[in-house]
Amino acid sequence: MTSTELKDLEGRLWQSADMLRAGAHLAANKYSQPILGLIFLRYADVLFKQHKEEIDAAYNEYKGTRMERSYKDIAIEKCGFFLPECAYFDYLNDAPDDAQKALLVKAAMEAIEQENPRMDGVLPKEVYGQLVPEEEPELLSRIVRVFKDIPENISIDIFGQIYEYFLGNFALAEGQGGGAFYTPASVVQYMVEVLQPATGDKKFLDPACGSGGMFVQAARYMHRHNATNEQMMNFRCYGVEKEPDTVKLAKMNLLLNNVRGEITEANSFYSDPYNAVGQFDYVMANPPFNVDEVVVEKVTDDARFNTYGVPRNKTKSAKKASDKKETVPNANYLWIGYFATALNEQGKAALVMANSASDAGGSELEIRKKMIEDGIISQMVTLPSNMFSTVTLPATLWFFNKKRPKKDEILFIDARNIFTQVDRAHRKFSEEQVKSLGIISRLYEGDSDAFWALVDEYKAEGKQSEADWLLERWPDGKYQDIVGLCKVAKLEGEDGIIDNDYSLNAGRYVGVVIEDDGMTEEEFRTEMLSLNSEFAKLSAEAKDLESEIDKNLKELLG
């Protein structure tokens, strides 16, 4: 399936959400549950059909002999799960277009969970009764028919992309509520491009995992770099998410993308289900910003948080007179410390954080100083504004690397002017922008081969402007600072990080490009005088018009 065909299919499928908005008795933030459940049901049906001939042959080969095995066991071996007949998509699609269909869908979801324990509690079940309103009982049938249009010969990988497409659209449609479970795919792709997760016996943590997008994009990166299925079996993901409905979204996302892992429902501040300290090869997350209700006494003795320090108020007065328990002023640095301490000696991390954390003062400054002097922070990237459905101001990406050799410097990238406009209110990185920003990290690490390979790739694909963008900045294929884009800052020395009060704001180091307008000093003076004269003339005209309007209003109104 080509990208154009996939885009067309996604557009047709999204019409199902429009049907829900028009007819279902559902709150705006509940549309995603039934739709994503039906995507999973269609995925299971297609995957099972694609393996059914193989399953039948294996079952019939030993049927009636001492080596006979159950059909269910063979199905789980061949395609990862067993699909009971009551969950076949054709069975549901062909059922009468009435309120009973909701009961059939619910029964299908229950049967899948019963036959496949790893899916227990994952699938939505009760919500489908709200998709058969009395005034339009055939609504659910219409939506089911939309998903029947997904071809049965489709690549299973495409289902993961369709699921991610719906997650992104629901995040945009639901605004603040939806965006809480979803990090834009292009931002995650860039994070992964810098992190470069490798295959092998690796452990991957996201303690605020939302719908699991970090895990999915990391797995896709490995697949793009020729990871085998056997290698992927050793890549284990561990997620923590406190919202029960979002836990279900994440578990379905992992299943649809064939990613091995666990998602635990818990509050990461107060629960440590994976004994995280020093355990993980990779940590990626987009945690909630500026949380201020975390109780200090519950985190003070936790090594995840106190290794670099727990944020504290200058005074120990309670936030509310009625609440005598001290809370942290801001939990941003709890998250930052958690990600750093979860890494093993070879570990790397990437996280999204509020811009304000880069310059935060008080106890946060003391924590930041310890981390900078420890040498764990490898890179800071300021993102463009409007990349997230829940945050309009620019956010910052923090990158950690426990094994990096250059611990006395940090790479700063200001990417605020690099984006693709999606609509009036939202932006993203294009595929080329992800690669071009990512190659800055490769150059900094001394990987010139990766740089020239990308230049050759752009040329081969007819993307000469992208190749030129790289060659204009790094013509020799070696890293150099670019004013307004990137800068390697040392800890010590004039204008170094210490000299800048341990700020991690990229703008302090990268600088601003001052465009040359080509004018001489005299030409500039003449131009400014001309503009000033024109401004004075327009101001006089405006004053005359103001007087005329005032006069006319007085005559009109007496």
Side-chain angles (χ1 to χ4, degrees), residues 16 20 24 26 30 32-56 58-60 63 68-132 137-150 152 154 156 159-160 162-163 166 244-245 247-260 262-263 265:
S16 61
L20 277 187
L26 279 174
K30 297 296 183 181
S32 57
Q33 295 180 28
I35 293 296
L36 295 172
L38 289 175
I39 291 176
F40 181 85
L41 201 58
R42 183 58 172 154
Y43 157 83
D45 179 74
V46 169
L47 181 60
F48 194 74
K49 284 179 179 176
Q50 291 182 358
H51 285 85
K52 196 171 188 311
E53 186 176 330
E54 184 183 3
I55 297 168
D56 289 342
Y59 174 73
N60 291 325
K63 184 179 180 181
E68 180 177 350
R69 297 170 61 198
S70 73
Y71 194 87
K72 175 181 174 180
D73 287 345
I74 295 172
I76 293 174
E77 177 187 288
K78 298 295 182 182
C79 76
F81 64 93
F82 172 66
L83 189 69
E85 290 187 14
C86 67
Y88 287 5
F89 212 83
D90 284 337
Y91 172 77
L92 299 170
N93 187 52
D94 295 341
D97 296 347
D98 56 29
Q100 290 299 311
K101 185 159 288 190
L103 297 177
L104 294 177
V105 173
K106 177 184 177 182
M109 298 293 191
E110 290 175 337
I112 291 175
E113 290 187 347
Q114 184 175 354
E115 298 288 356
N116 303 274
R118 71 187 183 119
M119 300 180 190
D120 185 37
V122 173
L123 305 178
K125 295 175 281 291
E126 304 299 334
V127 72
Y128 291 100
Q130 299 172 66
L131 270 62
V132 285
E138 72 281 3
L139 177 61
L140 177 56
S141 291
R142 291 172 56 207
I143 296 170
V144 168
R145 280 195 289 274
V146 168
F147 288 97
K148 174 66 175 154
D149 288 343
I150 298 177
E152 293 184 355
I154 195 173
I156 294 304
F159 270 99
I162 291 172
Y163 190 86
F166 270 78
D245 288 342
V247 169
K248 296 176 182 178
L249 296 181
K251 288 183 175 181
M252 281 195 286
N253 203 4
L254 265 58
L255 287 166
L256 262 70
N257 285 279
N258 196 28
V259 176
R260 290 166 58 84
E262 302 174 20
I263 307 293
E265 182 184 331

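All values below come from the heavy atoms of this structure, side chains included, with hydrogens, waters and symmetry mates left out.
When atom types are taken as modelled, the side chain of Arg42 and the backbone of Lys148 share a donor-acceptor pair closer than 3.5 angstrom. Judged by distance alone, with hydrogens and angles left aside, the side-chain atoms of Asp98 form a donor-acceptor pair with the main-chain N or O of Gln100 at under 3.5 Å. Formation of a donor-acceptor pair under 3.5 Å by the Asn116 side chain with backbone atoms of Ile112 is found in this model. Looking only at distances, no side-chain donor or acceptor of Lys125 sits under 3.5 Å from a matching main-chain atom of Glu110. Tyr163 places no side-chain N or O within 3.5 Å of a backbone atom of Leu36 that could act as its donor or acceptor partner. Not a single donor-acceptor pair under 3.5 Å links the side chain of Glu152 to the backbone N or O of Asp45.
Across all non-hydrogen atoms, the minimal contact from Leu123 to Glu113 is N-OE2, 2.8 Å. For the residue pair Pro244 and Glu265, the shortest heavy atom distance occurs at CG-OE2, 3.4 Å. Of all non-hydrogen atoms in Pro34 and Leu131, the two that sit nearest each other are CB-CD2, 3.9 Å. Between Ser141 and Pro96, the shortest heavy-atom distance links the atoms OG-O, 4.1 Å. Nearest heavy atom pair, residue Met109 against residue Gly37, reads CE-O, 3.4 Å. Lys101 and Ala95 get closest at one heavy-atom pair: NZ-O, 3.2 Å.
Summarising the local packing, CD of Gln114 is surrounded by 12 or fewer heavy atoms from other residues, nucleotides or ligands at distances under 6.0 Å.
Scanning for salt bridge (Lys or Arg N to Asp or Glu O under 4.0 Å) contacts around Glu115 gives Lys72, with sequence neighbours left out. Listed by chain and number, the residues in a salt bridge (Lys or Arg N to Asp or Glu O under 4.0 Å) with Asp245 are Lys30 (sequence neighbours excluded). For Lys52, the salt bridge (Lys or Arg N to Asp or Glu O under 4.0 Å) test picks out Asp56, with sequence neighbours left out. Not a single salt bridge (Lys or Arg N to Asp or Glu O under 4.0 Å) links Glu68 to another residue, sequence neighbours left out.
Here the side chains of Arg145 and Asn93 are in contact, with some heavy-atom distance below 4.5 Å.
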Please tabulate, one pair per line, all N/O donor-acceptor pairs under 3.5 Å involving side-chain atoms of residues 77-87, not counting sequence neighbours.
residue: Glu77; atom: OE1; partner: Arg69; partner atom: NH1; Å: 3.2
residue: Glu77; atom: OE1; partner: Arg69; partner atom: NH2; Å: 3.0

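A distance of 10.0 Å separates CZ of Phe147 from CG of Asp149, quoted to the nearest 0.5 Å. If you take CG on Leu47 and CD1 on Ile154, they are separated by 12.0 Å, rounding to the nearest 0.5 Å. Considering CD of Glu138 and CG of Leu140, their distance stands at 10.5 Å, rounded to 0.5 Å. Distance check: Leu249 CG to Ile263 CD1 gives 11.0 Å after rounding to the nearest 0.5 Å. One distance of note links CD1 of Ile55 with CD1 of Ile74; it measures 8.5 Å at 0.5 Å rounding. Atoms CG and CD1, on Leu256 and Ile162 in that order, are 9.0 Å from each other to the nearest 0.5 Å.
Residues in residues 35-55 take part in these ring-ring contact (aromatic ring centres under 6.0 Å, His included) pairs, two or more places apart or across chains: Phe40-Tyr43, Tyr43-Phe159.
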Report task. Could you check Val46 against Phe89 for side chain to side chain contact (heavy atoms under 4.5 Å, CB included), going step by step and ending with a plain yes or no? Result -> CA-CA 9 Å; Val46 169; Phe89 212 83; over 6 Å; no
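Just one of Leu254, Val247, Asn253 meets the side chain to side chain contact (heavy atoms under 4.5 Å, CB included) condition when paired with Lys251; it is Val247.
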